[in-house]
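Comments concern the structure below.
Atoms within each ligand, like the ligands themselves, are counted from 1 in listed order.
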Amino acid sequence: MTATTERTKYDIKDPSLATQGKQRIDWAGREMPVLRLIQERFAKEKPLAGIRLVACCHVTTETAHLAIALKAAGADGILIASNPLSTQDDVAASLVVDHGIPVFAIKGEDTETYLRHVETALDHRPNIIIDDGSDVVATLVKNRQHQLSDLIGTTEETTTGIVRLRAMLNDGVLTFPAMNVNDADTKHFFDNRYGTGQSTLDGIIRATNILLAGKNIVVAGYGWCGKGCALRARGMGANVIVTEVDPVRAIEAVMDGFRVMPMEQAAAIGDLFITVTGNKHVIRSEHFDVMKDGAMVCNSGHFDIEIDLKSLKEKSTEVKEVRNFTQQYKLQSGKSVIVLGEGRLINLAAAEGHPSAVMDMSFANQALACEYLVKNKGKLEPGMYSIPADVDQEIARLKLKAMGINLDTLTPEQIEYTNSWASGT
Ligand code: ADE
């Protein structure tokens with residue numbers, strides 16, 4: 001439902017879903033103590049007062065807490081989806097109805113609507129952009145150079161977005177500070193690994209209800225997300241095969257106890273394939289040709305480019321929805337291949353994305369990155385910036401405190417030892 005008052009305030013599926021959304025947002029909040037502390041401080045200090053902010057994120061219960069914290073900080077923010085299939089419509093409704101936050105996101109929106117929402121976000125003339133995949137930032141750079149003077153800086157959530165920002169930097173078009181949230185330790189060690197690991201299997205199980213024990217599961221890519229998927233799949237009793245292009249990561253996978261081989265070989269062995277490489281056509285025509293009858297393929301990388309669905313369609317005689325988020329492609333050869341979640345992020349399409357406990361740290365980084373940009377307005381050269389180490393450490397400390405876990409502290413003797421070079425053997 002679209003509201004058009006003095007200017008369009010939201011574009012969501014159904015505001016009457018707000019009650020359910022609120023209940024689920026409250027539930028997620030129980031596992032987000034670090035962001036709650038930040039929100040409480042933001043409410044007192046208003047570090048983002050008067051800042052026009054666009055957040056392009058998966059619209060989930062966890063993102064709701066980020067949006068609420070940013071509003072508490074004084075930001076004039078709007079929220080759009082970072083993926084056409086990841087929006088939780090009840091959450092979008094609650095943010096609009098209960099919190100007065102403009103949201104432009106509908107689960108299953110077509111590409112045209114998705115892109116229109118990106119334009120709506122840019123019409124807000126943001127001072128700060130929180131991006132997840134860099135679609136808003138790339139559109140700004142491509143089409144709205146005249147708005148760059150409004151911009152204080154941007155923050156980026158995910159590996160794919162960081163790769164795009166690096167490409168912008170190399171092309172000389174990154175003319176503003178961009179905070180690299182993904183590479184903070186308290187983000188990728190937990191969100192990318194444990195978050196993607198658990199939520200990917202959650203999405204696969206919700207979509208298919210298959211038993212993972214005893215299955216041959218092929219994980220394409222052994223970055224942090226791939227490591228998480230492989231680890232958790234093994235934990236569920238699967239025989240995990242990893243494919244990689246990077247020799248160091250391949251050795252890591254071998255020494256972590258996985259079989260490593262090219263996709264060409266793995267394609268004939270796998271029962272279930274998970275792509276998490278960030279690259280395109282990792283599973284393509286020649287791989288479909290040798291897959292077992294009934295093999296399942298899904299993706300947990302940011303964009304829906306990792307599985308070459310066009311080539312699969314071309315060799316299919318029929319495509320049938322056999323369960324929610326589960327499509328059976330009948331091939332001319334008589335075999336079938338099952339595609340989960342239309343090749344989009346399976347963890348957000350068929351499940352609810354990463355659990356709140358990890359998003360707590362990811363979004364603590366996002367909130368503090370926005371504050372950092374505003375505090376340092378005009379002082380940062382264009383380019384990519386890491387989250388300051390003391391911020392990363394503080395997030396970890398707050399998380400441990402909330403978990404009731406205490407650290408050891410160095411004795412004065414140990415501090416002196418770590419600071420000296422003179423004493424050896
Ligand atoms: N990315 C992955 N999981 C997510 C979640 N639960 N909320 C927002 N972004 C996410």
Side-chain angles (χ1 to χ4, degrees), residues 21 24-32 34-36 54-70 77 79-92 94-95 101 103-105 107 114 129-136 155-162 181-184 186-204 206 223-229 232 274-276 278 298-304 325 341 344-367 369-370:
R24 292 200 319 107
I25 292 168
D26 288 349
W27 176 257
R30 296 159 63 111
E31 294 258 50
M32 303 186 80
V34 179
L35 190 58
R36 184 164 57 245
V54 160
C56 174
C57 299
H58 302 294
V59 180
T60 64
T61 51
E62 293 75 28
T63 299
H65 284 282
L66 175 63
I68 293 164
L70 297 168
L79 175 62
I80 64 166
S82 59
N83 183 294
L85 260 193
S86 62
T87 297
Q88 298 172 4
D89 290 317
D90 57 345
V91 170
S94 175
L95 285 173
I101 295 173
V103 181
F104 299 82
K107 189 171 178 92
Y114 175 81
I129 297 169
I130 297 176
D131 222 346
D132 186 339
S134 266
D135 274 349
V136 177
T155 73
E156 174 52 54
E157 171 77 2
T158 200
T159 318
T160 293
I162 297 300
V181 168
N182 182 67
D183 288 2
T186 48
K187 200 280 184 180
H188 69 277
F189 282 166
F190 308 102
D191 170 316
N192 301 31
R193 181 170 36 176
Y194 303 114
T196 308
Q198 178 168 321
S199 63
T200 299
L201 295 201
D202 185 15
I204 292 165
R206 289 198 207 191
W224 289 104
C225 296
K227 288 186 201 353
C229 292
R232 290 300 180 245
I274 305 169
T275 54
V276 260
C298 68
N299 168 53
S300 224
H302 186 79
F303 287 120
D304 60 341
F325 308 110
R344 295 191 188 278
L345 284 160
I346 188 63
N347 59 340
L348 283 140
E352 295 169 66
H354 302 351
S356 319
V358 292
M359 294 314 295
D360 187 28
M361 289 186 280
S362 309
F363 286 163
N365 275 289
Q366 285 288 6
C370 292

Worksheet entry | For atom 7 (N) of ligand 1, closest protein heavy-atom neighbour |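 The answer is T60 OG1, 2.7 Å.
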
Worksheet entry | Closest protein heavy atom (residue, atom, distance) for atom 1 (N) of ligand 1 |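 Ranking protein heavy atoms by distance from atom 1 (N) of ligand 1, first comes H58 CD2, 3.5 Å.
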
Short list, please: which atoms of ligand 1 are under 4.0 Å from a heavy atom of [X]?
X: T63; answer: 7 (N), 8 (C)
X: G353; answer: 3 (N), 6 (N)
X: E352; answer: 6 (N)

Side-chain contact test, heavy atoms from C-beta onward, threshold under 4.5 Å: evaluate it for [X] versus [Y] and give yes or no.
X: V54; Y: I130; result: no
X: I25; Y: H65; result: yes
X: T196; Y: S300; result: yes
X: H354; Y: Q198; result: no

Is it the side chain (CB and beyond), the backbone, both or neither of [X] that lies under 4.0 Å from ligand 1, heavy atoms counted?
X: E157; answer: neither
X: M359; answer: side chain
X: H354; answer: both

Fill in: salt_bridge(K187, D183) N-O dist < 4.0 Å
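No, this pair does not count.
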
Item to complete: Using a strict 4.0 Å threshold on nitrogen-to-oxygen distance, state whether E31 and R36 make a salt bridge.
Response: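 R36 and E31: not salt-bridged.
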
Item to complete: Could you tell me whether the side chains of Y114 and D135 share a donor-acceptor contact shorter than 3.5 Å?
Response: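 The answer is yes; a qualifying pair exists.
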
Worksheet item: N/O to N/O below 3.5 Å, does that happen between E62 and ligand 1?
Response: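 Indeed, backbone or side chain, E62 has an N or O that close.
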
